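Fair warning: this is a prediction, and the values are worked out from it, not measured in the lab.
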Amino acid sequence: IAGCWVGREETTMHVAICTDLTDELRAEALVRELVRAINQIRKEKGYTRDDRITVIYSTESELVRSVFVEYNDELVGSVLADNISVGEGETEVELNGELVQLAVEKV
């Protein structure tokens, strides 16, 4: 941990932050990227905020799979989905170096 700190001094103020990324921070970043990608697909299909959707995904990434499981409720709420399930995606998206196939369908 000692090597992760980056600091800056300005007259009477000292600021330091740790620049190491934890697994939790990586997962939270991936959630934000998934929400962005799903909402982009929703927009491209012409769906409105009133349209309920289902999200289907497939991936080889253990990290992406774990994010879909652990953050399911947050993802469902953020993209206004009725459910999220494993299946054949139609759009390949790279998120923070992880590949995922996504499909967004109107319910």
Side-chain angles (χ1 to χ4, degrees):
I1 290 225
C4 75
W5 293 96
V6 175
R8 181 173 176 115
E9 277 185 52
E10 296 277 334
T11 58
T12 61
M13 185 182 341
H14 305 280
V15 177
I17 61 170
C18 181
T19 57
D20 283 352
L21 292 177
T22 64
D23 289 341
E24 184 178 354
L25 287 174
R26 283 186 187 92
E28 289 174 5
L30 192 52
V31 168
R32 284 190 301 277
E33 289 298 310
L34 281 167
V35 168
R36 184 201 55 75
I38 292 166
N39 282 334
Q40 181 63 37
I41 294 169
R42 172 195 276 275
K43 180 180 176 182
E44 289 169 1
K45 288 191 168 201
Y47 299 161
T48 69
R49 290 188 53 80
D50 294 329
D51 293 323
R52 297 301 292 190
I53 60 169
T54 187
V55 176
I56 302 163
Y57 74 93
S58 61
T59 184
E60 297 294 319
S61 168
E62 187 61 40
L63 175 60
V64 173
R65 281 194 295 267
S66 70
V67 165
F68 272 109
V69 171
E70 292 176 35
Y71 293 87
N72 183 71
D73 292 344
E74 183 177 337
L75 287 166
V76 164
S78 295
V79 300
L80 305 175
D82 281 354
N83 64 35
I84 296 175
S85 61
V86 178
E88 285 300 313
E90 54 193 30
T91 303
E92 184 173 81
V93 180
E94 182 179 339
L95 307 169
N96 297 338
E98 306 288 340
L99 294 178
V100 61
Q101 296 280 335
L102 293 171
V104 176
E105 299 172 358
K106 197 179 336 184
V107 177

For this session: Please name all residues satisfying ring-ring contact (aromatic ring centres under 6.0 Å, His included) with Tyr71, sequence neighbours left out, ordered by chain then number.
Result: none
For this session: Examine distances only and state if a side-chain atom of Ser78 and a backbone atom of Leu75 form a donor-acceptor pair shorter than 3.5 Å.
Result: no
Exercise. Rounded to the nearest 0.5 Å, how far does CD of Glu70 lie from CG of Leu30?
Worked result: 11.0 Å
Exercise. What residues form a salt bridge (Lys or Arg N to Asp or Glu O under 4.0 Å) with Arg36, not counting sequence neighbours?
Worked result: Glu33
Problem set entry | Side chains of Arg65 and Thr59 in contact at under 4.5 Å (non-hydrogen atoms) | yes
Exercise. Can you name the nearest heavy-atom pair linking Gly89 to Ser58, along with the distance?
Worked result: N-OG, 3.9 Å
For this session: Please confirm whether the backbone N or O of Val104 pairs with a side-chain atom of Arg42, one donor and one acceptor, at under 3.5 Å?
Result: no
For this session: For residues Asp82 and Thr54, determine if any side-chain heavy atom of one lies less than 4.5 Å from a side-chain heavy atom of the other.
Result: no
For this session: Could you tell me whether a side-chain N or O of Lys106 sits under 3.5 Å from a main-chain N or O of Asp51, the two making a donor and an acceptor?
Result: no
Problem set entry | Nearest-0.5 Å distance, OG of residue Ser66 to CG of residue Asp23 | 8.5 Å
Problem set entry | Same apolar cluster (I L V M F W Y, side chains within < 4.5 Å links), Leu80/Leu34 | no
Seminar exercise, completed: Rounded to the nearest 0.5 Å, the CD atom of Glu105 sits from the CD1 atom of Ile56 at a distance of 4.0 Å
Exercise. Tell me the ring pair (Phe, Tyr, Trp, His ring centres under 6.0 Å) pairs involving residues 29-66, sequence neighbours left out?
Worked result: Tyr57-Phe68
Problem set entry | Flag side-chain contact, heavy atom, 4.5 Å: Val79 against Asn39 | yes
For this session: Using a cut-off of 6.0 Å, state whether more than 12 heavy atoms not belonging to Glu44 lie near its atom CD.
Result: yes
Exercise. Going by heavy atoms in the side chains, are Val93 and Leu99 under 4.5 Å from each other?
Worked result: no
For this session: Compare all side-chain heavy atoms of Ile38 with those of Leu102 and state whether any distance is below 4.5 angstrom.
Result: yes
For this session: Answer yes or no: is there a donor N or O on one side and an acceptor on the other, between the side chain of Arg52 and the main chain of Val107, under 3.5 Å?
Result: no
Seminar exercise, completed: So CZ of Arg49 and NZ of Lys43: to nearest 0.5 Å the spacing works out to 13.0 Å
Problem set entry | From CA spacing to verdict: salt bridge (charged side-chain N to carboxylate O under 4.0 Å, His left out), Glu62, Arg26 | CA-CA 13 Å; Glu62 187 61 40; Arg26 283 186 187 92; over 6 Å; no
